[in-house]
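Notes for the one structure printed next.
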Amino acid sequence: MNYRSTRGGVASVDFADAVRMGLATDGGLLVPEALPSVAPETLEEWRRLRFQDLALELIGPFVGDALPRADLADLIDRSYATFTHPEVTPLVEVGDAWILELFHGPTAAFKDVALQFLGNLFEYLLARDGGRLNIIGATSGDTGSAAIAGVRGKERIEIFILHPQGRISPIQERQMTTVLDANVHNVALRGTFDDGQRLVKALFSDLPFKERYRLGAVNSINWARILAQMVYYFYAWGRLAERLEGRPVTFAVPTGNFGDIFAGYLAKRIGLPIERLILATNRNDILTRFVASGTYATGEVYATLSPAMDIQLASNFERYLYYLVGEDPGRVRSLLEEMGRTGQLRVTGEEHAQVQADFAAVAVDDAATLAQIRATHAATGYILDPHTAVGVRAGAGRADLVCLATAHPAKFNEAVRQAIGREAPAPASLRGLMDKPTRCAVLDADIATLRDYIGETLAGRP
Ligand SMILES: *Cc1c(COP(=O)(O)O)cnc(C)c1O
């Protein structure tokens with residue numbers, strides 16, 4: 001299987017190159033040149049597969065000849081061996097809906113499903129094809145810890161994660177700084193999250209520095225992340241298939257950068273019988289406004305109780321746009337040019353009708369999020385995290401509903417306490433974090449300081 005850019009400037013790279021490239025070199029996102037399809041009979045046969053075996057069947061066609069099947073199977077098995085639940089992503093019945101628990105990985109949030117796989121894949125490709133990778137990223141919370149957990153201790157990879165000193169939750173900070181592997185470099189910046197993002201951007205646009213230190217990113221646009229996330233939509237359907245008696249299923253997806261829900265869209269396109277994808281946002285509702293109006297326009301970013309969804313622009317949105325306009329890179333480019341020029345883009349009436357057929361979008365504010373945590377707990381005893389609560393509220397009243405649970409509630413205990421007056425019990429991965437030893441450099445938010453730090457850290461490495 002080969003990949004091309006949504007903007008048309010990259011063509012016919014194989015899966016390994018698509019993974020290595022991350023962002024396409026023309027600034028677009030990589031997508032398959034053609035999508036495989038899963039026949040209904042095949043879907044029936046896959047109903048009882050273990051998560052890992054299902055992942056191999058689903059991801060295999062997208063990998064094509066780039067990796068031997070046995071190697072892919074081994075990568076998948078190792079990636080999900082770090083999950084504490086034997087089903088990896090179990091489906092549990094809560095009231096009149098189903099909750100798909102995606103938080104049994106090392107950092108208790110759904111990003112582990114993709115980043116455990118991506119870390120192993122990077123390591124495999126570097127060992128096979130040579131080279132080294134130095135990952136640099138800025139985080140305001142969840143992504144940093146999941147990325148660190150994905151590559152800790154891996155050969156040929158170093159990771160530098162910048163977080164704003166004192167401005168992330170103590171648990172999130174400890175989830176990163178208690179990882180003592182020699183290839184993990186935490187940096188607390190004397191500054192804000194925006195300072196961190198600005199510095200990372202500056203490093204990546206310093207091409208000589210980028211080349212010399214082989215810098216790479218682990219942002220949410222890597223195609224391998226989308227593939228890993230597609231698997232649990234099929235898995236959930238398989239667990240429910242008998243009860244559904246042929247009816248399609250509806251998924252409610254707490255959405256920020258559009259990676260998770262795009263994986264659901266992909267699942268539907270290749271053959272999973274999905275009735276509706278419910279795009280659930282918090283007060284940061286750029287995507288909800290797009291579905292309602294057909295115009296995608298940036299707005300202000302608000303801090304909410306579901307911080308992993310506090311975004312202004314959804315980085316995976318361009319992939320959906322590509323499919324919406326009939327896989328036409330020229331049209332994608334002109335829409336993005338319009339966006340760059342005017343701060344907004346507008347699709348045609350026909351396309352807008354298609355958007356509304358693909359998604360039902362609902363924005364849920366903090367008050368409604370807390371009310372949902374309270375209501376679900378009162379009715380069933382189950383504790384939702386605030387991100388998951390946004391999805392549950394957005395999907396309320398729908399039949400055959402599966403809500404994606406994107407974080408363990410103990411990660412967001414402040415909101416949980418506000419809602420129900422007590423905390424959720426912590427899973428093993430979050431216990432004892434405050435007592436463990438930590439390692440972290442504290443630096444001024446200044447490009448020269450950061451460059452020096454990276455240079456000195458990597459000086460003794462091959
Ligand atoms: C990242 C994240 C989301 C949003 O997922 P996207 O793929 O960015 O849409 C939702 N909930 C939690 C807990 C997250 O960490």
Side-chain angles (χ1 to χ4, degrees), residues 29 89 99-116 118 137 139-150 168-169 171-172 175-176 193 218-230 232-233 251-267 277-288 290-291 301 304-320 359 361-364 369 373 384-394 403-416 424 427 430:
L29 304 186
T89 61
I99 301 277
L100 181 61
E101 294 186 344
L102 305 176
F103 52 68
H104 293 282
T107 73
F110 95 101
K111 291 190 172 65
D112 290 328
V113 178
L115 287 170
Q116 288 291 302
L118 187 63
T139 189
S140 56
D142 271 358
T143 314
S145 58
I148 288 172
I168 61 175
S169 82
I171 287 195
Q172 286 180 324
Q175 277 189 301
M176 297 191 284
F193 170 58
V218 279
N219 37 30
S220 61
I221 48 84
N222 199 296
W223 180 254
R225 287 182 68 171
I226 304 285
L227 289 182
Q229 290 171 1
M230 181 184 67
Y232 47 69
Y233 287 89
F251 288 96
V253 189
T255 297
N257 271 319
F258 206 80
D260 204 1
I261 199 162
F262 181 78
Y265 174 78
L266 183 66
L277 288 163
I278 299 175
L279 190 162
T281 63
N282 60 28
R283 189 181 170 199
N284 296 288
D285 61 351
I286 175 170
L287 290 163
T288 312
F290 170 67
V291 175
V301 184
T304 72
L305 293 173
S306 43
M309 293 150 62
D310 294 350
I311 58 103
Q312 186 169 30
L313 277 177
S315 52
N316 270 290
F317 181 69
E318 187 171 331
R319 284 197 168 107
Y320 173 65
F359 304 105
V362 183
V364 176
T369 304
I373 297 174
L384 300 169
D385 103 284
H387 305 81
T388 308
V390 166
V392 171
R393 170 57 57 112
C403 301
L404 273 53
T406 53
H408 192 286
K411 269 194 104 157
F412 296 95
N413 260 326
E414 211 174 299
V416 169
L430 300 180

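The figures that follow rest on heavy atoms only: side chains count, while hydrogens, waters and symmetry mates do not. Being a predicted model, the structure only gives us computed values, none of them experimental. Order of appearance sets the numbers: ligands from 1, and atoms from 1 within every ligand.
In this structure a side-chain-to-backbone donor-acceptor pair under 3.5 Å is missing from N257 to G259. A distance-only check finds no donor-acceptor pair linking the side chain of Q229 to the backbone of A114 [under 3.5 Å].
Judged by distance alone, the side chains of R319 and N316 do bring a donor and an acceptor atom under 3.5 Å apart.
For ligand 1, the protein residues within 4.0 angstrom (heavy atoms only) are F110, K111, D142, P254, T255, G256, N257, F258, G259, D260, A308, M309, H387, T406, A407.
When side chains are defined from C-beta on, L287 counts as touching F258, because their heavy atoms get closer than 4.5 Å.
Checked against the 6.0 Å centroid threshold, F359 and Y320 count as a close aromatic pair.
Tested against F317, the residues F262, Y265, F290 include a single ring pair (Phe, Tyr, Trp, His ring centres under 6.0 Å) partner, F290.
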